[in-house]
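Lettering follows sequence order; numbering is per chain, from 1.
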Number of protein chains: 2
Amino acid sequence: MRPIAQPHHHAGHSGHTGHPGHTGRRPGDSGAHDAILLAARLEFGESGYDGATIRAIAARAVVDPALVHHYFGSKEQLFEAAVELSVSPAAFLPAILAGDRERLGEQIVERFLTVWEEPHNRPVFMAMLRSVISNEQAADLVRRLLVKEVFGSLAVALGVPDAELRATLAGSQFIGLALIRYVGRVEPLASADVGTVAVAVGPTIQRYLTGEIG
Amino acid sequence: MRPIAQPHHHAGHSGHTGHPGHTGRRPGDSGAHDAILLAARLEFGESGYDGATIRAIAARAVVDPALVHHYFGSKEQLFEAAVELSVSPAAFLPAILAGDRERLGEQIVERFLTVWEEPHNRPVFMAMLRSVISNEQAADLVRRLLVKEVFGSLAVALGVPDAELRATLAGSQFIGLALIRYVGRVEPLASADVGTVAVAVGPTIQRYLTGEIG
DNA sequence: GTGACAATTCTACAAGCGTTGAATTCTCTG
DNA sequence: CAGAGAATTCAACGCTTGTAGAATTGTCAC
């Protein structure tokens with residue numbers, strides 16, 4: 001990754017004073033900005049960071065490649081914008097912890113799958129997953145975010161020993177599940193409904209987080 | 001992927017008659033062929049199929065990029081040669097099936113990890129894993145090979161219903177485990193010894209293959 | 001030595017990449 | 001209608017990629 005550069009963007013020298021900003025999107029606007037963002041999510045999701053090209057993204061958005069640059073500055077900044085999370089994984093923790101402790105694993109798996117299923121943020125997750133694996137630097141980000149913060153704090157909150165090991169074990173099952181089901185689309189796991197998978201995988205997570213693992 | 005082309009290789013019009021072939025490597029040979037193969041495994045393992053470049057592989061082998069081409073014909077053929085498996089996953093099945101049925105999961109996990117640990121074929125697996133994720137076409141290969149043939153036949157051999165679903169579930173745990181432990185190197189799972197991981201993950205596989213999942 | 005032939009390198013091409021700045025079109029204001 | 005400024009496109013740069021063929025070097029048999 002190169003050092004992050006500033007986009008010159010479509011703001012003069014002093015900014016957008018007196019009219020709605022670029023994110024407000026006033027009526028009559030063609031919406032190329034958002035079209036590019038959507039195309040970027042899809043392309044990054046299908047090809048990963050390195051595989052996706054500005055030109056392909058532009059073509060998908062039916063737009064000139066230079067326009068992509070004009071709005072987002074660089075490929076890296078476009079990726080960051082495309083991968084912006086709409087859901088905070090940690091936000092579900094309190095609700096899950098408050099529920100039935102014996103069905104905790106099942107509930108987490110169900111939540112995980114439900115979020116993935118949503119067509120809106122599926123490309124985002126795909127992009128993250130694919131890019132994390134092919135791009136060494138991006139790995140550290142999700143590595144710490146997902147495994148340590150989310151599952152880590154969950155394991156700690158449960159008050160069990162070996163919290164970190166438990167967190168990584170659970171994380172490994174989730175990563176693998178997403179990879180097989182959504183990226184690889186291997187049947188029959190890919191088409192199994194959320195409930196079935198939750199019942200099948202839930203006990204695994206349950207045991208990793210609260211059961212006997214040594 | 002482009003159509004597979006023939007390497008012009010260093011065999012004349014009639015082949016190597018009268019002396020050991022190119023795979024035999026007679027003494028005095030500098031061994032550039034094998035050096036390229038090793039470098040290719042390392043590069044593909046670190047960067048995936050698309051990320052690895054012929055030039056980087058050649059540099060790692062301290063060799064001219066054109067030589068790589070002369071020996072292996074194309075990048076794709078080089079990849080195929082580099083990813084040639086030295087161990088047949090299915091070969092372990094009879095031994096595992098003959099063992100204690102209640103420790104089956106643990107034994108498989110231990111076998112899986114042991115094979116991965118070996119420095120000799122670790123880069124090969126890394127290359128497979130990384131490339132499968134970034135290269136859509138290569139996915140089909142391992143998809144069918146690993147999940148369907150290996151775990152599939154295992155689940156079928158055990159005589160349980162839902163063999164395919166069970167196979168993909170087990171496969172997802174293995175993929176995730178390899179990804180976290182070897183590719184992402186997330187601690188403490190990355191440094192935990194094989195026995196510890198086998199005991200922790202074994203029951204998961206045991207249940208997916210033989211237990212109650214619905 | 002001299003020829004044959006494999007091993008290796010040099011040079012170069014065509015294609016695709018991210019990126020850039022100038023030129024053009026569009027849209028609204030006054 | 002004129003003009004300003006955003007939205008968008010054109011054309012091109014420098015670079016890296018896989019690949020190809022000619023040229024060079026090394027090595028052994030006769």
Practice item. Test for a donor-acceptor pair under 3.5 Å between the base of C:dG16 and the side chain of A:Arg55, counting only N and O atoms. Key: no

Practice item. Looking only at non-hydrogen atoms, find the nearest pair between B:Pro119 and B:Pro123 and report the distance. Key: O-CD, 3.2 Å

Practice item. Look at A:Arg41 together with A:Glu84 and state whether they make a salt bridge at an N to O cut-off of under 4.0 Å. Key: no

Of the options [options], whose atoms approach the side-chain atoms of [X] most closely?
X       : options               : answer
A:Ala66 : C:dT9, C:dT19, C:dG21 : C:dG21
A:Leu67 : C:dT9, C:dT20, D:dT9  : D:dT9
B:Ile54 : C:dT8, C:dC17, D:dT19 : D:dT19

Exercise for review: Would you mind classifying the nucleic acid contact of B:Ala58 as base, sugar-phosphate or nothing, using non-hydrogen atoms under 4.0 angstrom?
Suggested key: nothing

Exercise for review: For A:Ala56, answer base if it contacts any base atom (sugar-phosphate contacts may also be present), sugar-phosphate if it contacts only those atoms, and nothing otherwise; contact means non-hydrogen atoms under 4.0 Å.
Suggested key: nothing

Exercise for review: Could I get the full list of side chain to side chain donor-acceptor pair (under 3.5 Å) partners for B:Glu43, not counting sequence neighbours?
Suggested key: B:Arg60

[X] [atom1] - [N] [atom2] separation (whole Å):
X       : N      : atom1 : atom2 : value
A:His33 : D:dA7  : NE2   : P     : 10 Å
B:Phe72 : C:dA7  : CZ    : P     : 12 Å
A:Phe79 : C:dT19 : CZ    : P     : 14 Å
A:Lys75 : C:dC17 : NZ    : C1'   : 8 Å
B:Ile57 : D:dT19 : CD1   : P     : 11 Å
A:His70 : D:dC10 : NE2   : P     : 16 Å
A:Asp50 : D:dT17 : CG    : P     : 12 Å
B:Asp64 : C:dC10 : CG    : C1'   : 7 Å

Point to revise | Distance below 4.0 Å between B:His69 side-chain N/O and D:dA20 OP1 or OP2 | key: yes

Exercise for review: Please check the phosphate of C:dA6 (OP1 and OP2 only) for any side-chain N or O of B:Tyr71 closer than 4.0 Å.
Suggested key: no

Point to revise | Side-chain H-bond candidate by donor/acceptor type, B:Gln173 with A:Ser172, under 3.5 Å | key: yes

Exercise for review: May I ask you to establish whether A:Lys75 and A:Tyr49 are in a cation-pi arrangement, using a distance under 6.0 Å from NZ or CZ to the six-membered ring centre and at most 45° from the ring axis?
Suggested key: yes

